[in-house]
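Structure record follows, encoded as structure tokens.
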There are 4 protein chains.
Amino acid sequence: MNTFGNNFKVSIFGESHGPALGVTVDGVFAGIPLCEEDFYDDILRRKAGASGTTPRIEGDVPEILSGVYEGHTTGAPVTVIFRNENTRPEDYESFRKHPRPGHADFTANLKFGGYNDPRGGGHFSGRLTLGIVAAGVIAKRMVHFANIQANLTEVGGSANPDSWNALLKAAEQDGDSLGGVVECVAEGLPIGMGEPFWDSVESKISHAIFAIPGVRGIEFGDGFKASAMRGSEHNDPFPEHQCHHHDDPDHQCCGKHKCQSPPLTNHAGGVNGGLTNGNPLVFRVAFKPTSSIAKAGIPGRHDVCFAIRTPVVVEAMTAIVLADFLR
Amino acid sequence: MNTFGNNFKVSIFGESHGPALGVTVDGVFAGIPLCEEDFYDDILRRKAGASGTTPRIEGDVPEILSGVYEGHTTGAPVTVIFRNENTRPEDYESFRKHPRPGHADFTANLKFGGYNDPRGGGHFSGRLTLGIVAAGVIAKRMVHFANIQANLTEVGGSANPDSWNALLKAAEQDGDSLGGVVECVAEGLPIGMGEPFWDSVESKISHAIFAIPGVRGIEFGDGFKASAMRGSEHNDPFPEHQCHHHDDPDHQCCGKHKCQSPPLTNHAGGVNGGLTNGNPLVFRVAFKPTSSIAKAGIPGRHDVCFAIRTPVVVEAMTAIVLADFLR
Amino acid sequence: MNTFGNNFKVSIFGESHGPALGVTVDGVFAGIPLCEEDFYDDILRRKAGASGTTPRIEGDVPEILSGVYEGHTTGAPVTVIFRNENTRPEDYESFRKHPRPGHADFTANLKFGGYNDPRGGGHFSGRLTLGIVAAGVIAKRMVHFANIQANLTEVGGSANPDSWNALLKAAEQDGDSLGGVVECVAEGLPIGMGEPFWDSVESKISHAIFAIPGVRGIEFGDGFKASAMRGSEHNDPFPEHQCHHHDDPDHQCCGKHKCQSPPLTNHAGGVNGGLTNGNPLVFRVAFKPTSSIAKAGIPGRHDVCFAIRTPVVVEAMTAIVLADFLR
Amino acid sequence: MNTFGNNFKVSIFGESHGPALGVTVDGVFAGIPLCEEDFYDDILRRKAGASGTTPRIEGDVPEILSGVYEGHTTGAPVTVIFRNENTRPEDYESFRKHPRPGHADFTANLKFGGYNDPRGGGHFSGRLTLGIVAAGVIAKRMVHFANIQANLTEVGGSANPDSWNALLKAAEQDGDSLGGVVECVAEGLPIGMGEPFWDSVESKISHAIFAIPGVRGIEFGDGFKASAMRGSEHNDPFPEHQCHHHDDPDHQCCGKHKCQSPPLTNHAGGVNGGLTNGNPLVFRVAFKPTSSIAKAGIPGRHDVCFAIRTPVVVEAMTAIVLADFLR
């Protein structure tokens, strides 16, 4: 439902145009330095303002309600809320009768018997990813050993960043929208993160990523291309040299010997058998074009390409999943 | 870990070459007709024998240990086990020292301090999907209203079935292997399955699908192509005609009016805002080529293209997730 | 951890002397009328002021942050917060060095490496039960069919309410404190609530009740007395008359026939085999005397007998568990 | 439902007179020595045969199906099953029409629409505690640092063991039954086990204990007596001497200083604020008298006092909960 995770639990609440939205993060280690300013950088990365993003500028000011004392986490749940300002609910009154294409208006309306909050998608709004970004800031400190970087690699089908502004302007002039692709790489992960059978690294990452509104696909390593490759091309070989320690029947692998180093190539995207293998975790996420377009007469203020704002959300989701794998 | 689901729980246990493997399914409605013969069809679909699959022929005979009385489910957990026969453990003794590319040998060995069962991948073996198929048979009866069909759509990069045998033979002669793509379509789903925020239909389906060994990617509806489309192309419009009932403030949408019918197109793959929208649920899964190849000197008996055996597993996972969404 | 429930999830956050405390309730049915005033009655029942309770008077004003739109629940998580006012943190600064008997000062300090919030017990304070009371108000509307009543039946070992004021005054004069017993009765429950094997009604109720600070024991029906009874005394017989419908092998019991009516007596407290049997659910909870006593030189403002304030908390926990059993 | 635990998951399946019953234990550390003989001692402690227990003698032979390789746990789920032998289903055919007092016959029949297995209580039978005992053997090895001892302290209301045989014989002659009380003590627990808010030690222990058929109450430390005590009697004081380390603001308590030693008395039963405090965990469990009595014309073979067989089950539940608190 609205809570994710076993050891590191992230609970989301709020609506796009309600009093506030926020997140409660449970299972945070005690003693992590944390204050409200620590959230600003990632919030700004998600925030509107850049070319191709919505003119709706929110304050996006985080307030820590619990779980922090004298500048450090206490081990109790950390709740962070964001008050909604600058809302224009009148834009959304008609959505119950006229559900917008590509939004939850139609499905949420039926699921909740017409009681769902229709304003800006209510609880289904992409605005809730603000809470995810806040949880991600905390999660990143839980997995401080990891370097997680997500970047936009495609806009409107183009992998050439120089072309992106032109594509965005053209789409905007046509009252239309564009999609994009985000690639995420996490380095420095210990070998063996992930849990058989159900909680493979890919299972948990994809579970979290598909909770981001507008995701259409995810692939790890070679991804869909792997289905067209031969085993001899796709396999990631291990170093030749073998471990002499293994002649000792009692030897337990420590992963520190050369013979136990990660595969030499990374077609798998850093995962074998659902567990991290010591190579960088690599995956790509496909985002659909923004559903609300002026061309279709949808009122409201929207991004031409909301994918531009998602790399920090993808990073946050990745950190949340990795933090949940910690024991 | 090894249990998936909230209302319909599927717990997997066993190893490829241990005494047995099996599954416990909890949350099964009482009164569903069930006997051991009911598992045969899907087990046969997964079973080896067809061109391009492994010569290792298991009995794969299901034994129901619990949860069934006088031919009907009782409401108690249903446990089904499969005894392993025809095992050749000697093939696998060296894998701890010489981890196989693309397998869990390396990661499991480190994660479990050298205590994991190395025989045929042990608990990480694709053989455990036999338990998934069994759980799927039960799940399909839970979601009897749904028609779930998964099919192989690509082998070795070719979408032309006529070419597949040639590709398979060529790969086999080279001691190599091939990947494939499976498409799954689920029709007849009620509107509104799925749960915000975290348990979108895509989140739960992808979580389950990535638990299948060898999956590299998943995409819904237009999938990755959507990232290169404009909103005006990708959006699924709703029928024009509006519902007069909505002038009645107390009206609660029943989804039965024409004005509340599903979108006219299905670029989204049957999901809006993470909830089923009444159109067919459509997704594609990319499988890597078999990792164990004679060319690389890996002993054991393996499929040239294990993807050929996975459609029934993909169906089972889909049914398991849908059954878990039932209340 | 800080979230309880499978279908009806209650997540608690906050500290006694932090900015705020609150609760997020997920799995709330859509369309339930709810506004802030609806919380007042139960909050007042818990509030200080009556004889024998603490002079610390909080505003205890609930603010609904999410999950409610136009006076009805939306199906999204409902978050209610309470700002802390009138705090006197200076009372508590020394507790890390001088842990108070009967409090979490000592254990929390060690568990969280000295980073826990020591002010008034921080996250371990009985003040967090304010969030439980709020969740209980919502839960009671989920199980509207049930009539849940908890009452104080003993104070300081006396079952005679007329004696209670004298006992309280005497304890107060001595700078000492008293314990108490609360009995809870829930009527109108459908037959069959509860889940085998682990989630018996008693299991879930006791799990929730022992989360209330200061509980020392719980017993259902005859409780501990049952261990000294013979089966012939303790058994609850069923009505003699048998159901003729049962001659029909296809008959499925509807529980409406006289022959299927609940047991004639209620030594079991309304539960058979962990499932409600149609008789009133009856259990008793033992509360310890308040740990902070002037006699021992513990600063701060405390109840002589905090058990006086707990019946509404016990009711709330009962409603929360029953709501979680709903499907 | 039928799975308990977050990190150490215990899943129960099977029926009293079905083909088999068993348990799957997930989250078992890799490398723990384990073989089938290791279960014998605790199985024998639960087994029938002693005075006052049932003449139904089962083989109770454990078979390990998974999770063990070359005499050690592998980190994968451990499944242990017990084949049922010596069943007399004919005794139970009439229970659907004539539900037995104190059993689940009535409630299970209604909950599961008449499809539940009625033979010997089916899935609700006390026989399923055999699986709990098996899980307990594994759990005890997970918490090897703890010394867990449960003993019968009362039979038929008498705390004098010398009187017990006479009471049992008398009850048997009358075709009647007796209840009992079991006390459990766990020593050697680290300080700080348990999780706020919901997963206090008492919450999880009571949750597990009430899953044992026939439990009527549980109390920790002084238990119900505490409700009649004054704070000055019930409080457990800490040693006087204070820690000089605490003058250093960066000092983090290690619990090893005298000033950080556990309370001097143990009225609380080893728990403060829901967390273990370093004193022995102490609790008592009240068991009802056996419900099936010849006097009431209930066929089948039953214990005069089944409580006699439960200490090892109480120990197992305690070990299971403690193992689940491990990280």
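In what follows, chains are A, B, ... by sequence order, proteins preceding strands, each numbered from 1.
Across all non-hydrogen atoms, the minimal contact from D/Ser177 to D/Ile293 is OG-CG2, 3.4 Å.
Counting heavy-atom pairs under 4.5 Å between each of C/Gly175, C/Gly102, C/Ala268 and chain D puts C/Ala268 at the top. With respect to chain C, the highest number of heavy-atom pairs below 4.5 Å among D/Asn277, D/Asp199, D/Val201, D/Ile218 belongs to D/Ile218. In terms of heavy-atom pairs under 4.5 angstrom with chain C, the leader among D/Lys204, D/Glu195, D/Met1, D/Glu202 is D/Met1. In terms of heavy-atom pairs under 4.5 Å with chain D, the best-connected choice from C/Pro190, C/Gly221, C/Gly157 is C/Gly157. If you tally non-hydrogen atom pairs under 4.5 Å between each of D/His123, D/Lys111, D/Met193 and chain C, the highest count goes to D/Lys111. Between chain D and the residues C/Lys295, C/His103, C/Glu219, C/His207, the largest count of heavy-atom pairs under 4.5 Å involves C/His207. Ranked by non-hydrogen atom pairs under 4.5 Å with chain C, the options D/Gly231, D/Ala104, D/Ala208, D/Gly273 are led by D/Gly231. With chain C as the partner, the residue from D/Ile205, D/Asp174, D/Val215 showing the most heavy-atom pairs under 4.5 Å is D/Asp174. Between chain D and the options C/Gly192, C/Gly179, C/Ala211, heavy-atom pairs under 4.5 Å are most frequent for C/Ala211. Counting heavy-atom pairs closer than 4.5 Å to chain D, the top-ranked of the candidates C/Val271, C/Thr276, C/Thr3, C/Leu167 is C/Thr3. Between chain C and the residues D/Ala171, D/Gly278, D/Gly269, D/Pro263, the most heavy-atom pairs under 4.5 angstrom are made by D/Ala171.
In summary, the aromatic rings of D/Phe124 and C/Phe197 are positioned with their centroids too far apart to meet the 6.0 Å limit.
Rounded to the nearest 0.5 angstrom, C/Phe306 CZ and C/Ser292 OG are separated by 10.5 Å. The line from OG of D/Ser206 to CZ of D/Phe283 is 9.5 Å long, rounded to the nearest 0.5 Å. Between the CZ atom of C/Arg230 and the CG atom of D/Asp176 there is a distance of 5.0 Å, given to the nearest 0.5 Å. Annotation: the span from D/Glu233 atom CD to D/His267 atom NE2 amounts to 8.0 Å, rounded to 0.5 Å. A distance of 8.5 Å separates CG in C/Asn279 from CD1 in C/Ile191, rounded to the nearest 0.5 Å. Separation of atoms CD (C/Glu154) and CD (C/Glu183) is listed at 10.0 Å; rounding is to 0.5 Å.
Judged by distance alone, the side chains of C/Asn2 and C/Ser11 never bring a donor and an acceptor atom under 3.5 Å apart. Between C/Asp222 and C/His234, the side chains place a donor N or O and an acceptor N or O closer than 3.5 Å (distance only, hydrogens not considered). Between D/Asn272 and C/Thr107, the side chains place no donor N or O within less than 3.5 Å of an acceptor N or O (distance only, hydrogens not considered).
Neither the backbone nor the side chain of D/Ala296 comes within contact range of chain C; no heavy atom of the residue lies under 4.5 Å from a heavy atom of that chain. Looking at D/Leu264, neither its backbone nor its side chain comes within 4.5 Å of chain C, counting heavy atoms on both sides. Residue D/Asn6 does not touch chain C at all, counting heavy-atom pairs closer than 4.5 Å. Within the 4.5 angstrom heavy-atom criterion, atoms from both the backbone and the side chain of C/Val10 approach chain D. Looking at C/Ser232, both its backbone and its side chain come within 4.5 Å of chain D, counting heavy atoms on both sides. Neither the backbone nor the side chain of D/Ser158 comes within less than 4.5 Å of any heavy atom in chain C. For C/Ser200, the part sitting under 4.5 Å from any heavy atom of chain D is the side chain, from C-beta outward, and nothing else. The contact between D/Leu178 and chain C is made by backbone and side chain atoms together, counting heavy-atom distances below 4.5 Å. With a 4.5 angstrom heavy-atom cutoff, D/Asp236 touches chain C only via backbone atoms. Proximity to chain D (any heavy atom under 4.5 Å) is shown, for C/Ala170, by both the backbone and the side chain. Heavy atoms closer than 4.5 Å to chain D are found nowhere in C/Ala307, neither backbone nor side chain.
At least one side-chain heavy atom of D/Met317 sits under 4.5 Å from a side-chain heavy atom of D/Ile132.
In this structure, D/Phe238 and C/Phe106 have tilted ring planes: the angle between them lies in the 30° to 60° band.
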